[in-house]
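Residue numbers begin at 1 in each chain, while the letters A, B, ... track the order of the sequences. Note that these values count all heavy atoms, side chains included, but never hydrogens, waters or copies made by symmetry. Source: prediction; values computed, not measured.
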2 protein chains.
Amino acid sequence: METSGETLTTRQAEILHFIHLHIEQLGYPPTLREIANKMDIRGISAVRKHLDALVRKGHLIRRKGARALDAESLLPSTVPVPVLGRVVAGIPVNATENRLDTIAIDPSWLPSGPVFLLRVKGDSMKQAAILDGDYVLVRAKETAEEGAIVVAEIDGETTVKRLRKKGGRLILAPENPDYNEIPVAEGSAFRIVGTVCGLFRPSLEGSH
Amino acid sequence: METSGETLTTRQAEILHFIHLHIEQLGYPPTLREIANKMDIRGISAVRKHLDALVRKGHLIRRKGARALDAESLLPSTVPVPVLGRVVAGIPVNATENRLDTIAIDPSWLPSGPVFLLRVKGDSMKQAAILDGDYVLVRAKETAEEGAIVVAEIDGETTVKRLRKKGGRLILAPENPDYNEIPVAEGSAFRIVGTVCGLFRPSLEGSH
DNA sequence: TTTTAAGGTGAACAAATGATCACCTTAGCA
DNA sequence: TGCTAAGGTGATCATTTGTTCACCTTAAAA
């Protein structure tokens, strides 16, 4: 995601940095005079020239009015993704219950459609490089192809397994020899909640 | 992350929503008159009263000056993290060269201090659940404890391995029996770039 | 040597903006 | 019945803000 065309001078980069900082800290852009103060510039015409340069080089958008500086549209935005605790009846992505938290995810790491995050318990998917405590990114859908890693609900339990077929019957296959396959019995309460399409492992440090 | 104290009236929620929308689309907050226009209000005093109510109820921060509305500090923010290609001399976190991309990461998944993302090549850390194509989150520092997973540069090559000691000498240990340990020879060009403190695996779907 | 771009100073000025005051309407509540 | 909160109208006014123009300095390029 390249934003720039030409490269910035040191001074221009300093000013752009201050604008970003101001927006981050206060929630809105600075005025020309506020920029002049912080940069130790006495006349605001100099500031104006810098802004013109930043606009020309594609790092800033200016519109009419006070503080009408847009430096954020050119930065990556994010999508808030809910972290669900238990996954129960219905597609629960928009439900407030069971929502433990909301994490911002970069859109380039998201598929289209409804998604949610789920914290993995246990190491039954160890061989698929999914560990206890990892967050899996789940695309909410009721169907899945054979071979996909799915989040499924079976007999009231929510689990992350690989979906396989054996002798014409669906099974939920772990990726760890210490665990047993879970056959999907004829009359069992079985439902696919979604497919695992990403993985996040924060605070990995200290594991060994 | 609860932001509100008291609940908003319908009108107040409408106005707050417009403010958020304006910031999202244009990068800066609206003026009182811009709010009045969109809300079909003729006098700005009415807008002022609504803003006062939003401030009182904890949904907005106001400061002196035009467009000085901060509605974003009360929403989850993100931190832009650079994705580096090659990791070469110096701490390159702020260098524009080698920067392939910038990804927004939720601060709750970040440690303090300078970090960057690095795409993993090869499956030498397979047993540590780090696969080819994964992005590792690296805390940039020049030292690491034994047992930590590190990004290190040795003889011009950048690699992700576990840092171990064997017979009083450092080694870079893979987590895959198919790979050999890399001993750190006395006079070799060896440098620790950082420690792996997180992992991201987008577009996992389709792997089996 | 001249030219050009980056960076800066200073001042005048029109437009945009928020503050403030007085007054109005409606609905719920005591 | 009177009171109060939410919501609104209209107008005045001081301040802030961006625009514009003329001119200066310095260093690199032609």
Subject >> Partners meeting salt bridge (Lys or Arg N to Asp or Glu O under 4.0 Å) with A/D132 (sequence neighbours left out) >> reply: none
**OP:** With sequence neighbours left out, write down each residue that passes side-chain hydrogen bond (donor to acceptor under 3.5 Å, both in side chains) with B/K38, or none if nothing qualifies.
**Re:** none
Subject >> Residues from residues 33-52 of chain B lying under 4.0 Å of DNA chain D - heavy atoms >> reply: B/I41, B/R42, B/G43, B/S45, B/A46, B/K49, B/H50
Original post:
Quick one: side chain to side chain contact (heavy atoms under 4.5 Å, CB included) partners of B/R169, sequence neighbours excluded?
Top reply: B/E186
**OP:** Could you tell me which residues satisfy side chain to side chain contact (heavy atoms under 4.5 Å, CB included) with A/R11, sequence neighbours excluded, listed by chain and number?
**Re:** A/T9, A/E14, A/M39, A/I41, A/H50
Subject >> Candidate nucleotides C/dG7, D/dA6, D/dT19, ranked by approach to the side chain of A/R62 - the nearest >> reply: D/dT19
Original post:
In chain order, what residues pass the salt bridge (Lys or Arg N to Asp or Glu O under 4.0 Å) check against B/D134, with sequence neighbours excluded?
Top reply: B/R201
Original post:
Residues two or more places apart in sequence or in another chain: which of them pass ring-ring contact (aromatic ring centres under 6.0 Å, His included) with A/F200?
Top reply: B/W109, B/F200
Subject >> Listed partners of B/Y179 passing ring-ring contact (aromatic ring centres under 6.0 Å, His included), at least two apart >> reply: none
Original post:
Starting at the 5' end of DNA chain D, which residue's closest nucleotide do you reach first, B/Q12 or B/K64?
Top reply: B/Q12
Subject >> Counterpart residues, side chain to side chain contact (heavy atoms under 4.5 Å, CB included), relative to A/L170 (two or more places apart) >> reply: A/L163, A/K165, A/V184, A/F190
Original post:
Charged N to carboxylate O below 4.0 Å: is that the case for A/R56 and A/D52?
Top reply: no
**OP:** Enumerate the residues from residues 22-29 of chain A whose closest heavy atom to DNA chain C is under 4.0 Å, giving them by residue number; use none for an empty result.
**Re:** none
Original post:
Does OP1 or OP2 of C/dG8 have a side-chain N or O of A/R11 closer than 4.0 Å?
Top reply: yes
Original post:
Please give, in whole Å, the distance from C/dG7 C1' to A/R56 CZ?
Top reply: 13 Å
Original post:
In chain order, what residues pass the side-chain hydrogen bond (donor to acceptor under 3.5 Å, both in side chains) check against B/T31, with sequence neighbours excluded?
Top reply: none
Original post:
Listed in order of residue number, which residues of residues 13-21 of chain A have a non-hydrogen atom at under 4.0 Å from DNA chain D?
Top reply: none
Original post:
To the nearest angstrom, how far is A/R63 atom CZ from D/dT19 atom P?
Top reply: 14 Å
Subject >> Check: A/K161/A/T159 side-chain N/O donor and acceptor closer than 3.5 Å >> reply: yes
